[in-house]
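All chains are named by letter (A, B, ...) in the order of the sequence lines, taking the proteins before the strands, and each is independently numbered beginning at 1. Reckoned from all heavy atoms, side chains included, excluding hydrogens, waters and symmetry mates.
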Amino acid sequence: MPVRSVEATAAQAQHTAEAKEDKRAQELPKASVPAPAVYEYLPEAASSAASAATQGPVESWWSFEQDGYVDSASGYLMEVRYEGDLGRAVALIYDPSTRSMVKVPDRTGHKPYFLTDMMINDDGGMPVNLNNYKSFSNLAVITKRNPLTGRDQKLTKVVVDDPLAVKTLRKVLTDKGFRVWEADIKYYLNYIYDNQLIPGMPYDVSTSWTPKEWRRSEDLEQAIKKDFAEDLKQMALEWAPIFEQPSPMPPMVAIDVEVLEPGEGHFPDPAKADDPVISVSLVDNEGRKQVLLLYRPGIEFTGEIRVNGEVEIFDSERALLLEALRRITRYPVVLTFNGDNFDIPYIYNRLVNLGVSHDDIPITFLQDYVTFKKSLHMDLHKFFDIKALQSYAYGNRYREKSLEAVAEALLGQGKRVLSKMINLVGLDELAAYNLQDAALTMNLVMFDNYLTWNLAVLIMRISKMGLEEVTRSQVSAWIRSTLYWEHRHRNLLIPSQEDISSMGSQAPRSAAVIKDKKYRGAIVLQPPQGVFFNVIVLDFASLYPSVIRNWNLSYETVNNPYCTNYIEVPEVGHRICSDRKGISSQLVGLLRDFRVKVYKKKAKDKSLSEGERRWYETVQAAMKVYINASYGVFGNEGFALYSLPVAESVTAIGRSVLLDTLHKASELNLHILYGDTDSLFIWDPPKEAMEEIIRYVQEKHNMDLDIDKTFRLVLFSGLKKNYVGFDSEGSAVVKGMVAKKSNTPDFIKDEVMEALKLLGSMQGPEDIEKTLVALRYKVQEIYNRLRRREYTLSQLAIEVMLSKDPKEYRKNTPQHVKAALFLAKEGVPVSKGDIIAFVKTKDKVGVKPVRLAKLSDVDTSKYLEYVRSAFEQFLLAFGIRWDELAGARKLVPE
DNA sequence: TAATTCGCGTTCAATG
DNA sequence: CATTGAACGCGAA
């Protein structure tokens with residue numbers, strides 16, 4: 001939803017919505033447990049404002065609070081914004097000594113600008129006259145090194161008074177045929193880059209920025225000087241403090257808002273805010289829990305539910321909202337779950353509807369999100385939607401990005417279930433429900449010693465983006481930002497995509513295996529079919545990042561005609577410059593070395609405290625997210641430094657390293673069973689040969705080949721990316737199998753896991769026979785249960801995610817979409833990202849949403865097919881087909 | 001405003 | 001009605 005229009009709509013709605021003020025309560029709600037306080041709204045500063053809060057326009061409700069602007073500050077830099085009213089960048093600084101947020105408008109005189117090749121005439125005049133443009137400030141001649149040519153280049157800096165003017169003036173110049181650079185960078189990021197600031201770190205700021213007592217570690221600096229590559233030492237010393245400095249710990253509050261629902265199947269619209277807010281909850285990181293309720297005739301405390309928090313009842317919705325807002329904005333950091341799209345705009349528009357002036361509401365609508373004038377807003381819905389974090393930091397533990405799903409997966413705690421429609425529940429139940437949501441939101445940031453918060457802070461420091469930006473953008477924006485900052489650090493011109501693509505050939509030189517892909521990826525060896533005892537899995541530690549580092553891969557080092565010395569990439573033939581170090585190669589190398597040589601060790605160092613170890617664990621996790629994505633972004637057309645030859649070279653080198661290692665392995669008479677991208681499965685190897693191959697890879701390729709797993713037993717189905725390994729404790733590692741997939745019904749997953757226990761108990765080949773007998777019995781049992789309908793609907797449910805809105809499916813209508821459309825018809829809203837649970841039915845459509853289905857609708861034979869394919873995958877390892885095991889005739893139901 | 005390719009299983013829908 | 005390629009979702013790396 002375009003946030004700007006929210007504001008406009010609210011403004012228009014303003015005069016229609018007045019005079020909706022709730023009548024004074026005729027009676028107080030009945031006494032309940034705990035006894036609620038009934039408040040009349042009394043602002044702290046002026047009692048004369050008390051009546052104003054419930055009638056007529058509010059005069060200076062907000063301005064009696066300090067606006068927070070200061071000339072100088074000392075504390076953690078959390079965000080930089082551009083404020084149009086001031087016409088300046090404003091830094092938000094968290095000051096730990098007062099535990100508050102202050103705002104420091106720029107005093108360094110920084111202004112928006114962009115670069116062009118239009119040079120000033122000898123007489124000082126301009127080839128294109130920009131003086132007529134209102135926001136034009138001045139021109140300056142500067143010199144930057146062009147990373148593509150490797151040469152210094154004179155450029156004209158076009159300085160303006162307003163970031164919007166960058167857009168106008170760049171067009172003026174490009175229309176005249178001049179080239180422009182760095183015109184797409186958001187102004188506040190330019191401010192950070194030009195001042196070489198590191199968000200998340202402490203500063204003293206007044207007319208200039210000075211780092212404030214950054215923590216250093218003597219030991220670490222020694223280690224860097226000793227262990228890091230020559231070209232990275234200086235950079236590493238400069239970077240080290242960002243991993244050592246403790247993270248800021250400001251007071252935080254999580255909030256959640258409940259609104260009266262407009263009717264069955266309809267949801268409140270934040271753009272209109274027609275329906276009253278009936279409850280606002282605040283839960284902070286020091287244990288305070290508050291809930292502000294709206295009095296409604298007929299809705300009372302039942303006394304049945306204990307509310308774990310302070311409860312207050314307001315007879316005026318406006319007073320409730322203003323008071324809630326007053327409390328919320330005292331906190332430097334505000335957390336929500338979906339606050340960008342719901343809670344915050346709702347509060348804003350609702351207050352406008354209730355007659356409060358825009359200027360009196362300390363909420364601000366920025367370009368991409370909604371926040372507070374003097375506090376930061378972190379929307380966890382956006383944060384947990386960041387794919388790189390989902391997989392590398394949270395281990396893919398959640399799939400759906402709802403509060404319910406994320407909290408259940410990460411905290412083991414769900415939302416409260418309402419006993420009836422929210423409009424009708426008693427006030428105690430409403431309060432408990434509302435509080436629980438805010439508490440879950442707070443916990444998602446605090447669990448595991450503030451893992452989420454610390455991750456955000458570390459990524460701020462690495463990416464050089466403010467908290468609000470970093471928690472709302474994907475990994476490619478982080479990497480772009482880090483690289484831009486490094487370009488400024490080295491006085492390098494940031495090239496345009498066109499500069500990069502026109503430098504050398506961008507055409508792919510390898511054919512992808514899958515159609516519609518741009519270039520070839522990794523090798524997957526064909527595994528055998530069978531049962532193998534004693535299997536060692538070797539894998540390359542961070543193969544692709546190591547390739548990027550060792551081969552000096554970067555957008556400016558690949559196919560660069562300005563280079564004199566080259567190394568050719570095997571198979572694809574791209575030429576890698578060896579004259580100088582590539583910037584992304586260095587960044588990836590730096591993070592990789594920090595992670596491997598320092599922080600993975602520190603995370604396990606028993607001489608450190610538990611708290612320190614957890615911090616370093618988070619540090620290494622943040623680095624992992626970064627380096628793992630570093631290859632992929634170069635293959636993404638949307639990435640600012642997109643370079644197909646870089647991505648293609650990475651995979652080509654990866655393939656050649658794997659193949660060479662494979663070749664060496666066979667020379668050593670090692671029996672390779674399987675391998676995928678960066679791994680090799682070796683059958684019962686002699687120890688010496690293993691040591692030999694590890695040494696070989698180290699010397700020949702300068703890469704770490706590690707023993708990743710030692711399997712007592714591996715079952716190969718004969719399919720790629722599909723096997724089960726058992727370690728010495730008998731616990732199973734299942735890869736790729738039907739039984740592992742999230743869209744497989746639970747009863748199958750459970751039954752397969754049971755069966756795997758049988759298999760895991762095999763000690764040697766002699767046990768195979770009797771295991772098969774047990775398996776046969778198990779399958780028969782499943783069949784019988786299915787036939788007798790002993791599994792519940794939820795065990796039979798198939799859960800599939802809508803990758804787009806149901807209406808967007810044009811070519812096909814998959815089953816989960818059919819079920820989703822069914823739900824939509826029943827008034828249940830369904831949209832992109834939702835997980836649809838359905839069962840297979842005997843009717844013509846063949847599917848039904850679980851919540852609308854009965855056990856008798858279920859088509860048993862379809863489920864038997866599912867069971868078959870799940871079991872067949874590991875039966876294949878024994879060379880047995882399903883029919884042989886189950887006896888085909890017996891298993892045809894009905 | 002978007003990290004990549006490789007591989008498998010199920011289902012849809014076009015084709016005859 | 002059988003066959004087949006494409007669409008789709010999900011996982012491995």
Could you walk me through whether A:E468 and A:R81 pass salt bridge (Lys or Arg N to Asp or Glu O under 4.0 Å), step by step?
CA-CA 10 Å; A:E468 296 181 324; A:R81 296 177 185 165; 3.2 Å; yes

Have a look at A:K720 and say if it touches a base, only the backbone sugar-phosphate, or nothing, with a 4.0 Å heavy-atom cut-off.
sugar-phosphate

Checking all strands, does A:Y642 fall into the base, sugar-phosphate, or nothing category for heavy-atom contacts under 4.0 angstrom?
nothing

If I take atom NE2 in residue A:H816 and atom P in nucleotide B:dC12, what distance separates them, rounded to the nearest angstrom?
11 Å

Is A:D539 salt-bridged to A:K709, cutoff N-O under 4.0 Å?
no

Can you see if the side chain of A:Q474 gets near the phosphate of B:dA3 - specifically, an N or O under 4.0 Å from OP1 or OP2?
yes

Sticking with atom P, work out how far C:dA13 lies from B:dA2, rounded to a whole angstrom.
28 Å

Are any of A:K735's side-chain N or O atoms less than 4.0 Å away from OP1 or OP2 of B:dG7?
no

Closest contact, heavy atoms only, A:S585 versus A:R549:
OG-O, 3.4 Å

Is any side-chain nitrogen or oxygen of A:S869 closer than 4.0 Å to OP1 or OP2 of B:dG9?
no

Under a 4.5 Å cut-off applied to non-hydrogen side-chain atoms, are A:I344 and A:Y369 in contact?
no

At less than 4.0 Å, is any side-chain N or O atom of A:S803 found next to OP1 or OP2 of C:dG9? Yes or no.
yes

Within the structure shown, what part of the strands sits under 4.0 Å from A:S630 by heavy-atom distance: base, sugar-phosphate, or nothing?
nothing

Side-chain contact check for A:V513: nearest option of B:dC6, B:dC8, B:dA3 is B:dC6

Are the charged groups of A:K749 and A:E751 less than 4.0 angstrom apart, N to O?
no

Would you mind reading off the distance between A:M801 atom CE and B:dT10 atom P, rounded to a whole angstrom?
21 Å

State whether A:S510 places a side-chain N or O below 4.0 Å from either non-bridging phosphate oxygen (OP1 or OP2) of B:dT5.
no

Would you mind classifying the nucleic acid contact of A:G632 as base, sugar-phosphate or nothing, using non-hydrogen atoms under 4.0 angstrom?
base

How about NZ on A:K832, more than 12 heavy atoms from neighbouring residues, nucleotides or ligands closer than 6.0 Å, or not?
no

With a non-hydrogen cut-off below 4.0 angstrom, is A:K804 in contact with a base, only sugar-phosphate, or nothing?
sugar-phosphate

Quick check on B:dG9: is either OP1 or OP2 less than 4.0 Å from any side-chain nitrogen or oxygen of A:Q873?
yes

What is the distance from OH of A:Y866 to C1' of B:dC8, rounded to the nearest Å?
13 Å

Taking for A:V738 and for A:R810 the nucleotide of DNA chain B with the nearest heavy atom, the one nearer the 5' end belongs to A:V738

Hey, is NZ on A:K804 packed in by over 12 heavy atoms from elsewhere, all under 6.0 Å?
yes

Strictly below 4.0 Å: does A:K517 bring a side-chain N or O up to OP1 or OP2 of B:dT5?
yes

Whole angstrom is fine here: how far is it from NZ in A:K387 over to P in B:dA3?
7 Å

Remember a base hit wins even if backbone is also touched, and classify A:K740 as base, sugar-phosphate or nothing at under 4.0 Å, heavy atoms.
sugar-phosphate

Base, sugar-phosphate, or nothing for A:A522, non-hydrogen atoms under 4.0 angstrom?
sugar-phosphate

Mind checking if A:K832 touches a base, just sugar-phosphate, or nothing, with heavy atoms under 4.0 Å?
nothing

Let's see if you can work this out: which of B:dA3, B:dC6, C:dG9 has an atom nearest to the side-chain heavy atoms of A:V800?
C:dG9

Checking contacts here: which listed nucleotide (B:dC12, C:dA12, C:dA13) is nearest the side-chain heavy atoms of A:K818?
B:dC12

Looking at B:dC8, I'd like to know if its phosphate oxygens (OP1 or OP2) sit under 4.0 Å from a side-chain N or O belonging to A:K721.
no

In terms of side-chain heavy atoms of A:A477, which of B:dA2, B:dT1, C:dA13 is nearest?
B:dA2

What is the nucleic acid contact for A:Y519, judged by heavy atoms within less than 4.0 Å: base, sugar-phosphate only, or nothing?
sugar-phosphate

Protein-nucleotide distance (A:N743, atom CG; B:dT10, atom P), rounded to Å
10 Å

Any donor-acceptor N/O pair, A:Y398 side chain to A:F384 backbone, under 3.5 Å:
yes

Does a side-chain N or O of A:Y674 approach OP1 or OP2 of C:dA12 to a distance below 4.0 Å, or not?
no

Looking at the rings of A:F681 and A:Y723, which for Trp means the six-membered one, are their centres under 6.0 Å apart?
yes

For A:A647, which contact category applies under a 4.0 Å heavy-atom criterion: base, sugar-phosphate, or nothing?
nothing

Nearest-nucleotide wise, let me know which of A:Y392 and A:D516 is further upstream toward the 5' end of DNA chain C.
A:D516

Over all strands shown, is A:R399 touching base, sugar-phosphate only, or nothing at heavy-atom distances under 4.0 angstrom?
sugar-phosphate

Within the structure shown, what part of the strands sits under 4.0 Å from A:K741 by heavy-atom distance: base, sugar-phosphate, or nothing?
base

Classify the nucleic acid contact of A:Q526 as base, sugar-phosphate or nothing, counting any heavy atom under 4.0 Å across all strands shown.
nothing

Nearest whole angstrom, please: distance from the P of C:dC10 to the CD of A:Q390.
12 Å

Counting only side-chain nitrogens and oxygens, does A:K186 get under 4.0 Å of the OP1 or OP2 atom of B:dT1?
yes

Euclidean distance, atom NZ of residue A:K624 to atom C1' of B:dA3 [Å, nearest integer]
16 Å

Counting only side-chain N and O atoms of A:Y723, is one of them less than 4.0 Å from OP1 or OP2 of B:dC8?
no

Would you mind reading off the distance between A:R480 atom CZ and B:dA2 atom C1', rounded to a whole angstrom?
11 Å

Which part of the nucleic acid does A:I514 contact within heavy-atom distance under 4.0 Å: base, sugar-phosphate only, or nothing?
base

Side-chain N,O (A:S742) to OP1/OP2 (C:dG11) below 4.0 Å:
yes

